[in-house]
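Notes to accompany the following structure.
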Number of protein chains: 2
Amino acid sequence: MKSQPSSSIEDYVKVIYSFTEWQDKPITSSQLAARLGVANSSVSEMVRKLKDQGLVDHRPYGAVRLTADGERLALTMVRRHRLLETFLVQELGYSWDEVHDEAEQLEHAVSDTFVERLAEKLGHPDRDPHGDPIPSPTGRVERPSALPLGDLDPGHEGRITRISDDDPEMLRYLARERIVLDTAVHVVRRKPFGGPLVVRIGAGNGAHEFDVPDSIASSLWVHSDSSHEGCTLERA
Amino acid sequence: MKSQPSSSIEDYVKVIYSFTEWQDKPITSSQLAARLGVANSSVSEMVRKLKDQGLVDHRPYGAVRLTADGERLALTMVRRHRLLETFLVQELGYSWDEVHDEAEQLEHAVSDTFVERLAEKLGHPDRDPHGDPIPSPTGRVERPSALPLGDLDPGHEGRITRISDDDPEMLRYLARERIVLDTAVHVVRRKPFGGPLVVRIGAGNGAHEFDVPDSIASSLWVHSDSSHEGCTLERA
DNA sequence: CCTCGAGTTTCGGTACGCCTAAATCCTACG
DNA sequence: CGTAGGATTTAGGCGTACCGAAACTCGAGG
Ligand SMILES: [Mn+2]
Ligand SMILES: [Mn+2]
Ligand SMILES: [Mn+2]
Ligand SMILES: [Mn+2]
């Protein structure tokens with residue numbers, strides 16, 4: 001009866017999980033539809049199917065939440081996706097803006113055996129090329145203590161530990177600006193009236209200042225090495 | 001209008017191609033159905049679709065033959081499949097009886113970019129773990145001049161250059177008997193009344209005799225190093 | 001030359017995953 | 001409160017890829 005999940009179902013569950021990975025509001029139908037690129041009505045039907053299979057909790061007109069089973073499946077898929085991205089970069093010379101779409105397909109085609117042998121070969125990495133943590137085979141993940149760059153006060157220093165992989169264009173731009181994983185950042189100031197953030201990138205002679213537009217500021221997560229946790233978290 | 005092919009269509013075309021790879025009769029509907037594990041009626045429908053897309057020639061009640069376009073697609077898929085099998089063995093430590101099913105899925109999920117980077121990494125191998133030749137990206141293959149062990153006369157010597165990967169069980173058995181690619185074989189005699197073939201496997205101190213049942217004899221291809229091409233090809 | 005049965009196609013139907021349009025719900029504002 | 005407008009679900013359909021059962025073909029053997 002467990003009828004191993006179709007690739008559509010795998011994607012639904014993965015998107016539901018990802019939505020709550022960096023913030024805790026559960027996802028709504030239309031947000032799910034937008035992320036999956038399907039019509040709202042398609043989501044309604046599929047959510048019913050997910051519920052029948054015990055993967056989500058949902059009541060009509062309410063948000064969608066994963067059950068324990070659903071989360072288990074989601075973590076399996078997230079592990080696959082991130083290990084595959086890591087493989088593509090480390091072993092096949094892909095750049096970090098090219099890996100997402102390829103992994104999005106491959107994640108549905110590989111077996112558990114494949115995934116574990118790949119993890120072995122890669123030396124059991126704990127994060128993917130964008131800094132996203134890779135869950136263990138048993139579904140354990142640690143949520144890195146990092147904050148969006150946009151939420152930090154001037155004076156804050158740290159390192160970039162995660163970069164959203166939503167937009168390949170942005171990833172290419174950041175690579176050109178030498179903004180990559182583990183780069184040091186120092187928040188210099190925020191220009192007034194909602195203007196861009198000014199940060200100092202890197203250290204020593206390679207350092208340079210950079211105006212960070214809001215769209216980028218919310219896509220870069222920073223782990224502070226100076227642990228004076230006086231940062232405002234101003235999300236409504 | 002080219003509507004890139006579904007994974008079903010990829011499999012149909014690949015099976016049609018494979019059928020004529022080692023023998024030249026075209027495939028019939030029911031043979032196609034048997035190899036794909038679907039009903040005859042499903043094949044009839046799909047063949048119509050393949051014909052509409054210009055991938056096969058077919059007239060009702062006749063055999064199915066690939067067009068130039070169909071063969072091009074088939075060779076692309078065969079290249080993918082065999083490179084993936086090679087990858088699984090060389091890089092992920094799979095044994096040769098484990099790779100077929102995994103490659104059967106992966107071949108539909110990888111991009112052209114992936115395939116070519118993989119070929120690069122593997123050093124552009126020219127055959128897969130079972131000795132099957134890997135077509136070039138442009139669809140060139142060479143048909144190795146090898147003959148089924150069962151068709152050879154006593155006295156014939158050569159090396160095993162291809163082993164059918166249809167039956168994982170048989171592959172495991174052969175590996176246990178130290179019958180692998182490039183192993184030397186010498187046909188000693190055929191036991192009378194359709195009895196098994198007797199062959200000498202290997203050379204030097206590792207050599208041993210082996211009774212080859214018919215099912216195995218037709219799955220091992222031998223390339224003769226002694227080029228006295230006096231072998232009977234008794235296929236009707 | 002005719003027929004009969006194996007091989008093949010056609011027919012009606014299912015499951016899945018998607019769509020648009022229409023109906024329905026629910027909340028926030030007036 | 002009451003309701004309008006946005007969010008959501010339902011209804012009706014489509015394309016793909018399967019299935020079993022029924023109808024059809026055609027060539028080998030009588
Ligand atoms: Mn996916
Ligand atoms: Mn990623
Ligand atoms: Mn396949
Ligand atoms: Mn093979």
Side-chain angles (χ1 to χ4, degrees), chain A residues 1-16 19-20 25-66 70 73-74 77 104-105 107-109 236, chain B residues 1-16 19-20 25-66 70 73-74 77 104-105 107-109 236:
Chain A
M1 189 102 302
K2 262 285 131 60
S3 71
Q4 76 282 350
S6 68
S7 62
S8 280
I9 285 186
E10 289 175 343
D11 279 338
Y12 274 78
V13 160
K14 190 159 60 81
V15 168
I16 296 166
F19 190 82
T20 40
K25 281 183 167 10
I27 196 168
T28 65
S29 276
S30 44
Q31 288 170 320
L32 198 37
R35 300 211 168 199
L36 287 162
V38 300
N40 287 341
S41 55
S42 307
V43 170
S44 283
E45 279 185 87
M46 281 302 265
V47 166
R48 181 155 14 92
K49 202 168 303 183
L50 292 174
K51 192 182 174 192
D52 291 347
Q53 301 192 10
L55 296 171
V56 303
D57 287 331
H58 177 244
R59 10 187 338 172
Y61 303 98
V64 182
R65 253 169 276 258
L66 291 175
L73 177 59
M77 295 312 298
E104 198 60 52
Q105 296 305 123
E107 65 190 2
H108 310 292
Chain B
M1 188 107 300
K2 262 288 128 61
S3 71
Q4 75 284 348
S6 69
S7 62
S8 280
I9 285 186
E10 290 175 342
D11 279 338
Y12 273 79
V13 160
K14 191 159 59 81
V15 168
I16 296 167
F19 190 81
T20 40
K25 281 181 165 13
I27 197 168
T28 65
S29 275
S30 44
Q31 289 170 320
L32 198 36
R35 300 211 168 197
L36 287 162
V38 301
N40 287 340
S41 55
S42 307
V43 170
S44 282
E45 278 186 89
M46 281 303 265
V47 166
R48 182 155 15 90
K49 202 168 302 183
L50 292 174
K51 191 181 173 195
D52 291 348
Q53 301 192 10
L55 297 170
V56 302
D57 286 331
H58 178 245
R59 8 187 341 170
Y61 302 98
V64 182
R65 252 170 278 257
L66 291 175
L73 177 59
M77 295 312 298
E104 198 60 50
Q105 295 305 122
E107 65 191 2
H108 310 291

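Chain letters run A, B, ... following the sequence lines, proteins first, then strands; residues in each count from 1. Note that these values count all heavy atoms, side chains included, but never hydrogens, waters or copies made by symmetry.
When all heavy atoms of K51(A) and H58(A) are compared, the pair lying nearest together is NZ-O, 3.1 Å. Shortest non-hydrogen contact noted between T20(A) and P26(A) is CG2-CA, 4.0 Å. Smallest separation of non-hydrogen atoms from N40(A) and A33(A): OD1-CB, 3.2 Å. Between M46(A) and S8(A), the shortest heavy-atom distance links the atoms CE-CB, 3.7 Å.
Partner of D11(B) under the side-chain contact (heavy atoms from CB on, under 4.5 Å) criterion, chosen from R35(B), H108(B), M77(B): H108(B). The side-chain contact (heavy atoms from CB on, under 4.5 Å) with V64(B) is formed by just one residue from the set I27(B), D57(B), V15(B), L55(B); it is I27(B). Considering L50(B), L66(B), V13(B) as possible partners of L73(B), the one that fulfils the side-chain contact (heavy atoms from CB on, under 4.5 Å) test is V13(B).
Atom pair I27(A):CD1 and dA7(D):P shows a separation of 14 Å (rounding to whole Å applied). Between the NZ atom of K51(B) and the C1' atom of dT9(C) there is a distance of 13 Å, given to the nearest Å. In this entry the distance linking CG of D52(A) with P of dA15(C) reads 14 Å, nearest Å. In this structure, the CG atom of L50(B) is 11 Å from the P atom of dC18(D), given to the nearest Å. The distance from atom CG of L32(B) to atom P of dG7(C) is 15 Å, rounded to the nearest whole Å. The distance between atom CZ of R59(A) and atom C1' of dT9(D), rounded to the nearest whole Å, is 15 Å. Between Q31(B) atom CD and dA6(C) atom C1' the separation is 14 Å, expressed in whole Å. Rounded to a whole Å, the CD atom of E45(A) is 11 Å from the P atom of dC16(C).
Side-chain nitrogen and oxygen atoms of S30(A) include at least one within less than 4.0 Å of the OP1 or OP2 phosphate oxygen of dT8(D). Dashed line: the shortest gap from a side-chain N or O of S6(A) to OP1 or OP2 of dG17(C) is under 4.0 Å. An OP1 or OP2 oxygen of dC18(D) is reached within less than 4.0 angstrom by no side-chain nitrogen or oxygen of S42(B). Distances shown here put every side-chain N or O of Y12(B) at or beyond 4.0 Å from the OP1 or OP2 atom of dT16(D). Residue S29(B) places at least one side-chain N or O under 4.0 Å from the OP1 or OP2 atom of dT9(C). Contact annotation: S8(A) reaches the phosphate of dC18(C) (side-chain N/O to OP1 or OP2, under 4.0 Å).
Of all the residues in residues 33-41 of chain A, G37(A), V38(A), A39(A), S41(A) reach under 4.0 Å from DNA chain C with at least one non-hydrogen atom.
When distances are taken from the side chain of Y61(B) to each of dT10(C), dC18(D), dG7(C), the shortest belongs to dG7(C).
Heavy-atom nearest nucleotides on DNA chain C were determined for P60(A) and for I9(A), and the one closer to the 5' end corresponds to I9(A).
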